[in-house]
Amino acid sequence: MGNIWKNTVLSGGILGALVLAGCSSEAGADESEEAASVDWTEEQTAETENNIEETEERVDELESDIRELGAGEPSIPEAPMFADVSTDYHAFDEIQYLADQSVINGYPSGNFEPGDTITRSQTAKMLTSALDLEAPADYEIKATDVSADYHAYDELAALEYHGIMTGNDGRMMPGAGLKRSQMASLLVAAYDLPEADTTYSFTDIGEDYPNFEQINVIADQNITSEAGEAFRPNETTSRAQFSLFMARAMDSYFINEE
């Protein structure tokens with residue numbers, strides 16, 4: 001929508017400048033002679049460019065105001081989209097939101113199985129869908145444990161190509177459960193989350209923990225609420241838990257800052 005706003009306003013500004021130039025050319029021979037001069041043309045061009053720059057700045061300000069005032073609540077279908085995720089389920093809104101965005105799918109049974117461990121390949125499918133990521137057609141995945149006929153090959157290749165999921169020791173481990181520490185690293189890389197201004201503490205990891213920086217970032221962004229408690233970095237992440245974390249990374253509406 002922003003580009004449409006800008007193009008409309010800028011087109012109007014340029015058209016106005018052309019109309020003014022046309023009117024002045026009809027004002028008389030003396031003015032026509034002046035209008036034809038190089039100096040006058042350069043002055044008008046510079047003035048028009050300045051007006052365009054001012055208009056662009058104003059459009060940017062208006063877009064910012066609109067985002068602040070009108071972003072509103074995201075689309076969350078009221079009717080449950082999965083048979084096993086009821087309206088009183090703790091992650092109902094987040095799961096509904098991601099399903100409505102076509103980021104997640106359930107199983108043929110109609111269930112979402114929110115308590116199941118989410119695998120690294122399932123995570124890849126969610127992230128590439130949400131971010132519309134692809135790898136070049138001629139890109140060949142570097143991981144040695146993902147064959148070309150693997151069901152999530154394209155998604156894993158896209159994350160590897162963009163440096164979001166690169167695996168360990170040449171292995172992507174697509175069928176393995178996603179650890180909570182890995183979840184933190186993925187979200188920080190995928191959504192380019194900014195560095196934390198504060199260093200948070202956890203009862204089970206210190207600042208020397210390999211993924212501490214990324215875990216600290218999602219704490220700073222209120223994506224995780226475990227600051228001051230145990231983060232449990234080596235525990236696997238359930239499908240519901242990842243839905244909570246990902247929805248918070250996608251839309252601040254889901255962040256509880258109390």
Side-chain angles (χ1 to χ4, degrees), residues 74 76-77 80-86 89-133 141 143 145-147 150-168 171-191 193 204-205 210-211 214-215 217-219 221-226 230-251 254-255:
I76 303 174
M81 300 180 71
F82 302 105
D84 58 345
V85 181
S86 60
Y89 187 69
H90 73 280
F92 175 78
D93 284 352
E94 290 82 356
I95 292 172
Q96 292 282 106
Y97 166 69
L98 294 178
D100 186 60
Q101 296 287 316
S102 299
V103 172
I104 56 175
N105 297 298
Y107 292 96
S109 64
N111 289 342
F112 180 67
E113 305 296 349
D116 284 1
T117 296
I118 192 167
T119 65
R120 290 167 60 83
S121 62
Q122 290 171 340
T123 304
K125 288 188 174 184
M126 290 176 66
L127 288 173
T128 53
S129 177
L131 297 170
D132 195 24
L133 293 178
I141 199 167
D145 59 343
V146 182
S147 60
Y150 187 70
H151 69 90
Y153 179 90
D154 290 342
E155 293 82 0
L156 291 166
L159 291 194
E160 183 187 77
Y161 175 77
H162 289 281
I164 296 172
M165 181 186 287
T166 55
N168 186 35
R171 299 173 62 243
M172 191 71 78
M173 299 170 288
L178 182 74
K179 294 181 179 180
R180 288 167 57 85
S181 59
Q182 295 170 340
M183 171 274 299
S185 295
L186 283 177
L187 292 180
V188 170
Y191 290 95
L193 300 179
D204 56 348
I205 59 173
N211 298 78
Q214 291 82 4
I215 294 169
V217 167
I218 66 169
Q221 294 289 315
N222 290 301
I223 292 173
T224 181
S225 59
E226 277 85 2
F231 183 75
R232 309 182 308 282
N234 291 317
E235 284 188 11
T236 54
T237 311
S238 71
R239 288 165 60 85
Q241 288 171 337
F242 191 74
S243 296
L244 285 169
F245 292 131
M246 187 169 176
R248 292 169 188 168
M250 292 174 64
D251 196 314
F254 297 103
I255 292 177

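The first residue in the sequence is number 1, and the count goes up from there. Keep in mind that this is a model prediction, so the values were computed, not measured.
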Is the shortest side-chain heavy-atom distance between Asp116 and Tyr107 below 4.5 Å? yes
Does Thr128 use its side chain to pair, donor to acceptor, with the backbone of Ala124 at less than 3.5 Å? yes
Of the non-hydrogen atoms in Phe92 and Pro80, which two are nearest, and what is the gap between them? CE1-CA, 3.9 Å
Asp84 side chain vs Phe112 backbone, donor-acceptor pair below 3.5 Å: yes
Arg120 and Gly167: which non-hydrogen atoms are nearest, and at how many Å? NH2-CA, 3.7 Å
Evaluate side-chain contact (heavy atoms from CB on, under 4.5 Å) for Asn211 paired with Gln182, printing each intermediate quantity in order. CA-CA 8 Å; Asn211 298 78; Gln182 295 170 340; 5.8 Å; no
Looking only at heavy atoms, the pair that brings Ile205 and Pro233 closest together is CG2-CG, 3.6 Å
Pairwise side-chain contact, Arg232 with Asp204, heavy-atom cut-off 4.5 Å (strictly under): yes
Could you tell me whether the side chain of Glu160 and the main chain of Ala143 form a donor-acceptor pair under 3.5 Å? yes
Ser129 side chain to Ser102 main-chain N or O, any donor-acceptor pair under 3.5 Å? yes
Measuring from atom CD1 of Ile95 to atom CG of Asp100, what distance do you get when rounded to the nearest 0.5 angstrom? 13.5 Å
Heavy-atom closest pair (Met126 atom, Ser243 atom, distance to 0.1 Å) is CE-OG, 4.5 Å
Looking at side-chain heavy atoms only, is the closest gap between Phe242 and Leu187 below 4.5 Å? yes
Given side chains that start at C-beta, do those of Met246 and Tyr97 come closer than 4.5 Å, heavy atoms only? no
For Tyr153 and Ile141, indicate whether the former's side chain and the latter's backbone hold a donor-acceptor pair under 3.5 Å. yes
Leu127 vs Leu133, side-chain contact (heavy atoms from CB on, under 4.5 Å): CA-CA, chis, key distance, verdict: CA-CA 8 Å; Leu127 288 173; Leu133 293 178; 5.7 Å; no
For the residue pair Pro174 and Asp145, establish whether any side-chain heavy-atom pair is separated by less than 4.5 Å. yes
Applying salt bridge (Lys or Arg N to Asp or Glu O under 4.0 Å), which residue pairs with at least one partner in residues 236-247 are found, sequence neighbours left out? none
Heavy-atom nearest pair, Glu94 first then Ala247, reads CG-CB, 3.6 Å
Rounded to the nearest 0.5 Å, what separation is found between the CD1 atom of Ile218 and the OG atom of Ser185? 8.5 Å
Any non-hydrogen side-chain atom of Ile76 less than 4.5 Å from a side-chain atom of Phe254? yes
Side-chain contact test, heavy atoms from C-beta onward, threshold under 4.5 Å: evaluate it for Arg248 versus Asn222 and give yes or no. no
Exam field: side chain Thr237 to backbone Leu178, donor-acceptor pair closer than 3.5 Å: yes
In this structure, OG1 of Thr236 is separated from CE of Met183 (nearest 0.5 Å) by 11.5 Å
Between Phe245 and Ile223, the two heavy atoms sitting closest are CD2-O, 3.2 Å
To the nearest 0.5 Å, what is the distance between CG (Leu244) and CD (Gln241)? 7.5 Å
Restricting to pairs with a member in residues 177-189, which pass salt bridge (Lys or Arg N to Asp or Glu O under 4.0 Å), not counting sequence neighbours? Arg180-Glu226
Does Tyr191 form a side-chain contact (heavy atoms from CB on, under 4.5 Å) with Met250? I'd like the steps, not just the answer. CA-CA 8 Å; Tyr191 290 95; Met250 292 174 64; 3.2 Å; yes
Side chains of Tyr150 and Ser121: closer than 4.5 Å at any heavy-atom pair? yes
